[in-house]
Number of protein chains: 2
Amino acid sequence: MKLTDKKRMQILDAAEELFHSSGVEHTSMDQLALQAKVSKRTVYNHFATKDALFQAILQRMFDKLAEGGEVRFDATQPIEQQLRRIAQDEVALLSSAAFLRVAKIAIMQVMQRPELAQHMNNSSLGCKRYIDNFLTDACTAGVLHIADIPFAGKQFIYQLKSFVFYPSLFGLEQQTPAQQAHIIDEAIALFLARYQSKPG
Amino acid sequence: MKLTDKKRMQILDAAEELFHSSGVEHTSMDQLALQAKVSKRTVYNHFATKDALFQAILQRMFDKLAEGGEVRFDATQPIEQQLRRIAQDEVALLSSAAFLRVAKIAIMQVMQRPELAQHMNNSSLGCKRYIDNFLTDACTAGVLHIADIPFAGKQFIYQLKSFVFYPSLFGLEQQTPAQQAHIIDEAIALFLARYQSKPG
DNA sequence: ATATATAAACTACACCGTGCAGTTTACATG
DNA sequence: CATGTAAACTGCACGGTGTAGTTTATATAT
């Protein structure tokens with residue numbers, strides 16, 4: 001790897017770390033160069049302004065998160081098991097350090113500069129990408145009965161977000177894996193109590 | 001009213017406005033004095049530091065919100081109707097301009113300075129104050145069956161928060177009253193499907 | 001050799017908080 | 001009703017600090 005690429009990576013790593021721990025505003029470019037073990041001039045050779053660096057960080061973090069498999073409905077499997085799979089993936093994402101970092105940075109910026117709100121929200125992550133298709137297939141197969149599928153999908157995801165994501169984001173609590181499992185079980189129980197097709 | 005009280009109010013009003021629209025960090029004391037139509041020196045005669053002003057703002061806004069009635073369980077009324085009453089009160093609070101203001105200011109500060117997190121979370125607003133008691137009474141009366149009451153209470157509240165509060169907070173969408181009514185209906189349907197005692 | 005990195009000093013600016021000389025307001029007293 | 005007075009407000013300049021971004025002169029990697 002060329003030296004310049006290595007330096008660039010050091011800068012991005014340091015920015016990710018510092019923007020997360022101290023916030024964009026509270027991170028000075030001197031501090032950042034120090035942490036990156038790079039001269040400040042080198043930072044500016046790679047990124048014209050602090051804002052350009054911030055945009056690059058955001059992009060890189062989104063790219064890292066874009067990966068992740070899709071769960072497709074399978075009529076031969078119990079619905080409860082498939083929902084658990086979806087929820088486990090989602091909780092793993094929502095509680096991952098990488099996701100919390102980018103979310104914290106992005107949300108702080110959005111709250112400070114509301115005009116950037118919709119620009120951020122466009123990118124779709126995690127199970128949000130495929131859950132509508134999944135639920136549609138499950139309804140078609142007669143396993144679920146849902147009148148408003150996008151709404152029901154939100155109800156499911158919001159359960160997980162509310163218990164797992166926001167408390168971590170605001171620095172209140174972290175969940176143990178056992179607690180996470182309980183949250184998932186209860187979210188599924190709530191969802192199926194409402195939407196699972198009853199025999200007869 | 002005495003002049004000094006009037007000036008103090010002008011300062012607090014300006015701070016509330018600017019802290020909300022620009023964030024605490026991005027609001028300068030010069031800008032604030034200008035908006036308050038008060039000399040900067042007067043600001044400092046009332047509040048020793050910017051942080052003291054911030055604390056005062058937070059206190060004043062919490063005080064404004066502290067009002068609000070409590071819904072107590074009534075065995076002679078349908079549970080669905082009582083839950084709707086609770087949810088309506090909560091949604092009114094969560095979507096009120098006053099609540100969104102204080103929440104935005106407080107959350108921005110907490111995210112920038114995580115060490116203040118638990119200090120903030122202590123104050124309990126809205127139905128969070130009484131919902132555990134309500135659900136306990138409903139279970140005792142045999143109307144609901146809930147194993148983990150605090151958890152179930154969170155499930156209910158989080159539905160409302162997720163659909164009403166966070167989207168507004170992040171500047172994404174506002175709900176029409178009709179949409180709010182739909183959100184409330186669906187939250188109750190979800191909750192009762194899981195926790196309402198079945199006859200027989 | 002030539003592009004890139006480094007270190008350190010420098011510019012330009014914004015901001016917090018203070019000091020002070022002079023003015024306004026509220027109110028009491030002759 | 002006039003006048004005195006204490007408290008509060010004003011406007012402005014200033015010290016100190018922190019930070020984005022630049023310059024310059026030098027060293028190092030390819």
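This structure is a prediction, so every number in the text was calculated from the model and none was measured. Residue numbers start from 1 in every chain, and the chains themselves are labelled A, B, ... in the order their sequence lines are given, proteins ahead of strands.
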*asked:* Would the distance check show the side chain of B/Gln180 and the main-chain N or O of B/Val164 forming a donor-acceptor pair, the cut-off being under 3.5 Å?
replied: no
*Do any N or O atoms from the side chain of B/Ser197 and from the backbone of B/Val143 form a donor-acceptor pair under 3.5 angstrom?*
yes
Presence of [X] side-chain N/O under 4.0 Å of [N] phosphate oxygens OP1/OP2:
{"X": "A/His46", "N": "C/dA5", "answer": "yes"}
{"X": "B/Lys50", "N": "C/dC16", "answer": "yes"}
{"X": "B/Lys37", "N": "D/dC9", "answer": "no"}
{"X": "B/Ser39", "N": "D/dC9", "answer": "no"}

Compile the donor-acceptor pairs under 3.5 Å between side chains in residues 5-14 of chain B and protein atoms, sequence neighbours left out, one pair per line.
residue, atom, partner, partner atom, Å
B/Arg8, NH1, B/His46, ND1, 3.4
B/Asp13, OD1, B/Arg60, NH1, 3.2
B/Asp13, OD1, B/Arg60, NH2, 3.0

*asked:* At 4.0 Å (heavy atoms only), tell me whether B/Thr4 reaches a base, stays on the sugar-phosphate, or touches nothing.
replied: sugar-phosphate
*What nucleic acid atoms does B/Lys7 come within less than 4.0 Å of, heavy atoms only: base, sugar-phosphate, or nothing?*
sugar-phosphate
*asked:* Is it the case that the base of C/dG19 and the side chain of B/Arg41 share a donor-acceptor contact (distance under 3.5 Å, atom types as modelled)?
replied: yes
*Only one of B/Thr27, B/Asp30, B/Leu18 forms a side-chain contact (heavy atoms from CB on, under 4.5 Å) with B/Gln35, so which one is it?*
B/Leu18
Between atom [atom1] in [X] and atom [atom2] in [N], what is the gap in whole Å?
{"X": "A/Phe47", "N": "D/dA20", "atom1": "CZ", "atom2": "C1'", "answer": "16 Å"}
{"X": "B/Met9", "N": "D/dC9", "atom1": "CE", "atom2": "C1'", "answer": "17 Å"}
{"X": "A/Glu25", "N": "C/dA14", "atom1": "CD", "atom2": "C1'", "answer": "13 Å"}
{"X": "B/Asp5", "N": "D/dA8", "atom1": "CG", "atom2": "P", "answer": "10 Å"}
{"X": "B/Gln10", "N": "D/dA8", "atom1": "CD", "atom2": "P", "answer": "16 Å"}
{"X": "A/Asp30", "N": "C/dA9", "atom1": "CG", "atom2": "P", "answer": "12 Å"}
{"X": "A/Met29", "N": "C/dA7", "atom1": "CE", "atom2": "C1'", "answer": "17 Å"}
{"X": "A/Lys40", "N": "C/dT4", "atom1": "NZ", "atom2": "C1'", "answer": "19 Å"}

*Using a strict 4.0 Å threshold on nitrogen-to-oxygen distance, state whether B/Glu16 and B/Arg101 make a salt bridge.*
yes
_Go nucleotide by nucleotide along DNA chain C from the 5' end; which of B/Ser28 and B/Leu3 gets its closest nucleotide reached first?_
B/Ser28
